[in-house]
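Notes for the one structure printed next.
Residue numbers start at 1 and run along the sequence shown.
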Amino acid sequence: MSHTLADEIRRRLGDLSPAERKVARVLLAGYPAAVFETVATIAERASVSAPTVLRCASRLGFKGFPDLQAALRSELDARTASPITLYENSGSSEHSASARPEGTSDPRLGAALSLVRQAVSQTFDEVAPHEFYDAVNLLSDPRRRVHVAGGRFTHLLAQYLGLHLTQFRDQVHFLPDRDVERASFLTQLARRDVTVVFDYRRYEPDKTVMAELARERGGKVIVFTDPWLSPAAAHADVVLTTQVTSDSPYDSLTPALALVESLVAAVLDRIGDEGHERMKMSESVAKRTGLI
């Protein structure tokens, strides 16, 4: 499973001395670029001594500060990995067929099932409850318009979320495909809007711009992304990270889909009777017009 250096720093904050925590906060505040600063620069920004920066790196589990920086370089390589890169590296992959859950006779299916279970479980373990319920509150607010957008593959997740939301609330919109319509759509982003962006490696610059525009207009932004974090996360009010480990060169979206379904259920529960009435009206109209 994928852990970032930032995750590790946050996890070990309680083990650090007060001075070392200052260093850790400087690294997190400017992550990832701050990690590549010199020890002297980081010490100055944290108002500590250079030896404190070195001790912080050691307390985080690294042999020294260069070792910490090397770990981040490896992480950034993974962040931009393409399916081709993952395929070419699969010979040394962790995705071994030896992981066979009980009751599964086929080694390949057993390994795939084990990875999926682990990825989904870790995703739900790592989602911060306050982030999840902030997303629920935003998406269930009837005063807010909701806009959803995804990427090359994740547009499927955006549509899945949006189509469910349209069943029980008003004002749900999808990012248009055509350039002129898309420009008009982005121009109309406003203060009471919630923009939901799905952006997984390799990240798409237009999703970051969309999140940035939404924040500039005073709106709220929810970003679904992988453990390496889309650049769009820098403009988000809520960041929901999901694991992507799979037994192929392609990132798995199964954990993200599971989280989307949980979010949909929670939003419907929060909306309550009004959502139920909207669902019944939609069903009635669909039957009357022969759509179902």
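The shortest distance between side-chain heavy atoms of Gln243 and Glu126 falls below 4.5 Å. Using a 4.5 Å heavy-atom threshold, the side chains of Phe174 and His147 count as separate. Taking 4.5 Å as the limit, every side-chain heavy atom of Asp237 sits out of range of all side-chain heavy atoms of Asp134. Within the 4.5 Å cutoff, the side chain of Lys220 has no heavy atoms near those of the Arg192 side chain. When side chains are defined from C-beta on, Ile42 does not count as touching Thr38, because their heavy atoms never get closer than 4.5 Å. Taking 4.5 Å as the limit, every side-chain heavy atom of Gln159 sits out of range of all side-chain heavy atoms of Val148. Using a 4.5 Å heavy-atom threshold, the side chains of Thr225 and Val239 count as touching. Taking the side chain as every heavy atom from C-beta outward, Val26 and Tyr31 never approach each other to under 4.5 Å.
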### Task
List the steps, then state whether side chain to side chain donor-acceptor pair (under 3.5 Å) holds for Thr187 with Ser184.
CA-CA 5 Å; Thr187 300; Ser184 175; 5.9 Å; no
### Task
Could you walk me through whether Arg182 and Asp206 pass salt bridge (Lys or Arg N to Asp or Glu O under 4.0 Å), step by step?
CA-CA 11 Å; Arg182 183 171 291 201; Asp206 67 308; 3.3 Å; yes
### Message
Pair Met279, Leu268 - check side chain to side chain contact (heavy atoms under 4.5 Å, CB included), show working.
### Response
CA-CA 10 Å; Met279 291 174 71; Leu268 177 56; 3.9 Å; yes
### Task
Run the numbers on Leu139 and Ile222 for side chain to side chain contact (heavy atoms under 4.5 Å, CB included), then give the verdict.
CA-CA 10 Å; Leu139 295 176; Ile222 300 171; 4.1 Å; yes
### Message
With side chain to side chain contact (heavy atoms under 4.5 Å, CB included) as the criterion, how do Thr154 and Asp199 come out once you've worked through the C-alpha distance, each side chain's angles and the decisive distance to 0.1 Å?
### Response
CA-CA 7 Å; Thr154 55; Asp199 195 28; 5.9 Å; no
### Message
For a side chain to side chain contact (heavy atoms under 4.5 Å, CB included) check, start with the C-alpha distance between Cys56 and Leu16, then their side-chain angles and the critical distance, and finish with the verdict.
### Response
CA-CA 7 Å; Cys56 179; Leu16 304 178; 4.3 Å; yes
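Placement of Tyr203 and Phe153 within a single hydrophobic cluster is found when ILVMFWY residues are connected by side-chain heavy-atom separations under 4.5 Å, directly or transitively. Leu28 is connected to Val35 through a chain of hydrophobic side-chain contacts under 4.5 Å among Ile, Leu, Val, Met, Phe, Trp and Tyr, so both are in one cluster. The same ILVMFWY cluster, assembled from side-chain heavy atoms under 4.5 Å apart, contains both Tyr133 and Val267. Under a hydrophobic-cluster definition in which Ile, Leu, Val, Met, Phe, Trp and Tyr are linked whenever side-chain heavy atoms come within less than 4.5 Å, directly or via other members, Phe62 and Val23 are assigned to the same cluster. Using a 4.5 Å cut-off between side-chain heavy atoms of Ile, Leu, Val, Met, Phe, Trp and Tyr, with links allowed through other members, Leu165 and Val285 fall into different hydrophobic clusters.
With respect to Glu212 and Arg215, no salt bridge is recorded, no charged nitrogen being found less than 4.0 Å from a carboxylate O. A salt bridge links Lys280 with Glu277: the distance from a Lys NZ or Arg NE/NH1/NH2 to an Asp or Glu carboxylate oxygen falls below 4.0 Å. Between Arg169 and Glu274, no side-chain nitrogen of the basic residue sits less than 4.0 Å from a carboxylate oxygen of the acidic one, so the salt-bridge criterion is not met. A salt bridge links Asp193 with Arg145: the closest approach of a Lys/Arg side-chain nitrogen to an acidic carboxylate oxygen falls below 4.0 angstrom.
Counting only N and O atoms by type, the side chains of Ser58 and Arg55 include no donor and acceptor under 3.5 Å apart. Side-chain atoms of Glu20 and Ser17 include a donor-acceptor pair closer than 3.5 Å.
The hydrophobic cluster containing Val209, built from Ile/Leu/Val/Met/Phe/Trp/Tyr side-chain heavy atoms closer than 4.5 Å, also comprises Leu175, Phe185, Leu186, Leu189, Val197, Met210, Leu213, Val221, Val223.
With respect to Phe224, the ring pair (Phe, Tyr, Trp, His ring centres under 6.0 Å) criterion is satisfied by exactly one of Tyr200, Phe198, Tyr160, Phe132: Phe198.
In this structure, the separation between CG on Leu257 and OG on Ser262 is 9.5 Å, given to the nearest 0.5 Å.
Listed by first and then second residue, the salt bridge (charged side-chain N to carboxylate O under 4.0 Å, His left out) pairs that reach into residues 148-157 are Arg152-Glu204, sequence neighbours excluded.
In this structure, Asp226 contributes its side chain and Arg201 its backbone to a donor-acceptor pair below 3.5 Å.
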